[in-house]
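The next block holds one structure in the form of structure tokens; read it before the comments.
Lettering follows sequence order; numbering is per chain, from 1.
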There are 2 protein chains.
Amino acid sequence: MVIETKPIRYYEARAEVAKALSHPSRLMILEALSERERCVCELTELVGADQSTVSKHLAIMRNVGLLETRKEGAQVYYRPRIKCLNGFFQCVEMVLRERWEADKVWVGDRE
Amino acid sequence: MVIETKPIRYYEARAEVAKALSHPSRLMILEALSERERCVCELTELVGADQSTVSKHLAIMRNVGLLETRKEGAQVYYRPRIKCLNGFFQCVEMVLRERWEADKVWVGDRE
DNA sequence: TTACCATATGGCCATATTACCATATTCTAC
DNA sequence: GTAGAATATGGTAATATGGCCATATGGTAA
């Protein structure tokens, strides 16, 4: 009974993208960018961390292909590279919603 | 110019789900489970890691609400708790596909 | 040129993650 | 009851991640 799998590289590439999405500050940034492009200084203010920290978060997302950049003078504007992030977040939302429902039922059982 | 955000807890909860999806072995397991439920021993053979390692991967996904379990004798069968993972993976696929296309163009530019 | 602003990178430290091994727990079979 | 299989958990070591500070880089403006 051998299960069909794809080469490890396949899963590694997908895990890398998911990992880029797995930090609160990065999700906050993505949400802000879904509205419109922003420069690093705006996002630094948004996140409230050191500018170098935010720069590294942005590099992580750009490296996996989630973001792209545009230079304007000394500023660098970041924007989403894809439009499908809704599908991703809808799924995460459903996980959280179902979990919440389950917790509610479970708590109810104890009373 | 203050950007609208939600409370940190909001992003943390979502990042936690994404983090549970950000390991190659866990993605391999999810793919196998999308077909049908499996016991830990099957998944251990699939991943090719120590049984305790696989058990911990499964616990991570169960704790965030991605998987649920069913006991049958001494065995524990895991299955997905939600049906929307396609939306998630379609988005990841698109990121990878777009990145691949971009790389192709870029390489072409150098020749 | 110099001074200054915006961004990226290197260094370092604290913490988190992952792996394995050993062991505990739970169930089946005898 | 004991033995053994299936799974979960604790310990520990190696590596990865995330934060800040300091600094490098690239741009603007005088």
Side-chain angles (χ1 to χ4, degrees), chain A residues 1 3 8-9 11-30 32-33 36-79, chain B residues 1 3 8-9 11-30 32-33 36-79:
Chain A
M1 188 265 328
I3 306 178
I8 306 283
R9 261 273 90 311
Y11 304 101
E12 284 173 345
R14 279 140 192 85
E16 199 189 9
V17 175
K19 187 174 291 184
L21 291 163
S22 68
H23 190 287
S25 300
R26 296 202 281 269
L27 295 187
M28 200 182 309
I29 289 170
L30 276 179
L33 295 183
R36 62 170 176 79
E37 66 171 14
R38 316 248 184 200
C39 66
V40 179
C41 58
E42 288 176 288
L43 297 170
T44 298
E45 188 194 345
L46 165 73
V47 171
D50 193 90
Q51 177 269 321
S52 66
T53 299
V54 173
S55 185
K56 282 172 185 173
H57 281 310
L58 292 168
I60 287 169
M61 291 193 280
R62 189 179 53 180
N63 287 341
V64 300
L66 282 167
L67 300 181
E68 58 191 359
T69 55
R70 179 178 69 84
K71 264 191 113 158
E72 185 173 317
Q75 279 147 323
V76 177
Y77 284 86
Y78 281 78
R79 62 169 178 273
Chain B
M1 188 267 328
I3 305 179
I8 306 283
R9 261 287 50 340
Y11 303 102
E12 284 174 344
R14 277 139 194 85
E16 198 190 9
V17 175
K19 185 174 293 186
L21 291 163
S22 69
H23 189 287
S25 301
R26 295 201 283 268
L27 295 187
M28 199 181 311
I29 289 170
L30 276 178
L33 295 183
R36 62 170 177 81
E37 66 171 13
R38 314 248 185 201
C39 65
V40 179
C41 58
E42 287 176 289
L43 298 170
T44 298
E45 190 194 345
L46 166 74
V47 171
D50 193 89
Q51 178 270 322
S52 66
T53 300
V54 174
S55 185
K56 281 171 184 172
H57 281 310
L58 291 168
I60 288 169
M61 290 193 281
R62 190 179 53 177
N63 287 339
V64 300
L66 283 167
L67 300 182
E68 57 192 358
T69 55
R70 177 178 70 83
K71 263 191 113 159
E72 184 174 317
Q75 280 148 324
V76 177
Y77 283 87
Y78 281 78
R79 61 168 178 272

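- Between the side chain of B:T53 and the backbone N or O of B:A49 there is no donor-acceptor pair closer than 3.5 Å.
- The side chain of A:H23 sits closest to D:dG18 out of D:dG18, D:dC20, D:dT9.
- Taking side-chain N and O atoms only, B:T53 has no distance below 4.0 Å to OP1 or OP2 of C:dA19.
- For DNA chain D, if you chain together Watson-Crick or G-U pairs that step i with j, i+1 with j-1 and so on, the runs of at least three with distances under 3.5 Å are C:1-30 with D:1-30.
- Taking 4.0 Å as the cut-off between side-chain N and carboxylate O, A:E16 and A:R9 do not count as a salt-bridged pair.
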Task: salt bridge (Lys or Arg N to Asp or Glu O under 4.0 Å) between B:R70 and B:E37, intermediate numbers included - done: CA-CA 9 Å; B:R70 177 178 70 83; B:E37 66 171 13; 2.4 Å; yes
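- Proximity of a side-chain donor or acceptor of B:S22 to a complementary backbone N or O of B:K19 within less than 3.5 Å is detected.
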Task: Test log, rule salt bridge (Lys or Arg N to Asp or Glu O under 4.0 Å), inputs A:E45 and A:R38 - done: CA-CA 11 Å; A:E45 188 194 345; A:R38 316 248 184 200; over 6 Å; no
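- At D:dA8, none of the side-chain N or O atoms of B:S52 fall inside 4.0 Å of OP1 or OP2 (strictly under the cut-off).
- Under 3.5 Å, the side chain of B:Q51 and the base of D:dA6 form no donor-acceptor pair of N or O atoms.
- Between B:K19 and C:dT17, a side-chain N or O to OP1/OP2 separation shorter than 4.0 Å is present.
- Distances from the side chain of A:K56 to the nucleotides D:dA8, C:dA8, C:dT9 place C:dT9 closest.
- Between C:dC20, D:dC20, C:dA8, one nucleotide has an atom nearer to the side chain of B:A49 than all others, and that is C:dC20.
- A donor-acceptor pair is defined here as one N or O able to donate and one able to accept, closer than 3.5 Å; such a pair exists between the side chain of A:R26 and the backbone of A:A20.
- With DNA chain D read from its 5' end, the first of the two nearest nucleotides for A:E72 and A:S22 is the one closest to A:S22.
- Between A:Y78 atom OH and C:dT7 atom P there is a gap of 9 Å when expressed in whole angstrom units.
- Between the P atom of C:dC13 and the CG atom of A:D50 lies a distance of 17 Å, rounded to the nearest Å.
- Out of D:dG27, C:dA19, C:dT18, the shortest distance to the side chain of A:A74 is found at D:dG27.
- No contact: B:R62 has no heavy atom under 4.0 Å from any strand.
- Comparing atom distances between the B:K71 side chain and each of C:dT26, D:dT7, C:dT7 picks out C:dT26 as nearest.
- B:A59 comes within 4.0 angstrom of no nucleic acid atom, judged by non-hydrogen atoms across all strands.
- Picking from D:dG19, D:dT7, C:dA8 the nucleotide with the shortest atom distance to the side chain of A:H57 gives D:dG19.
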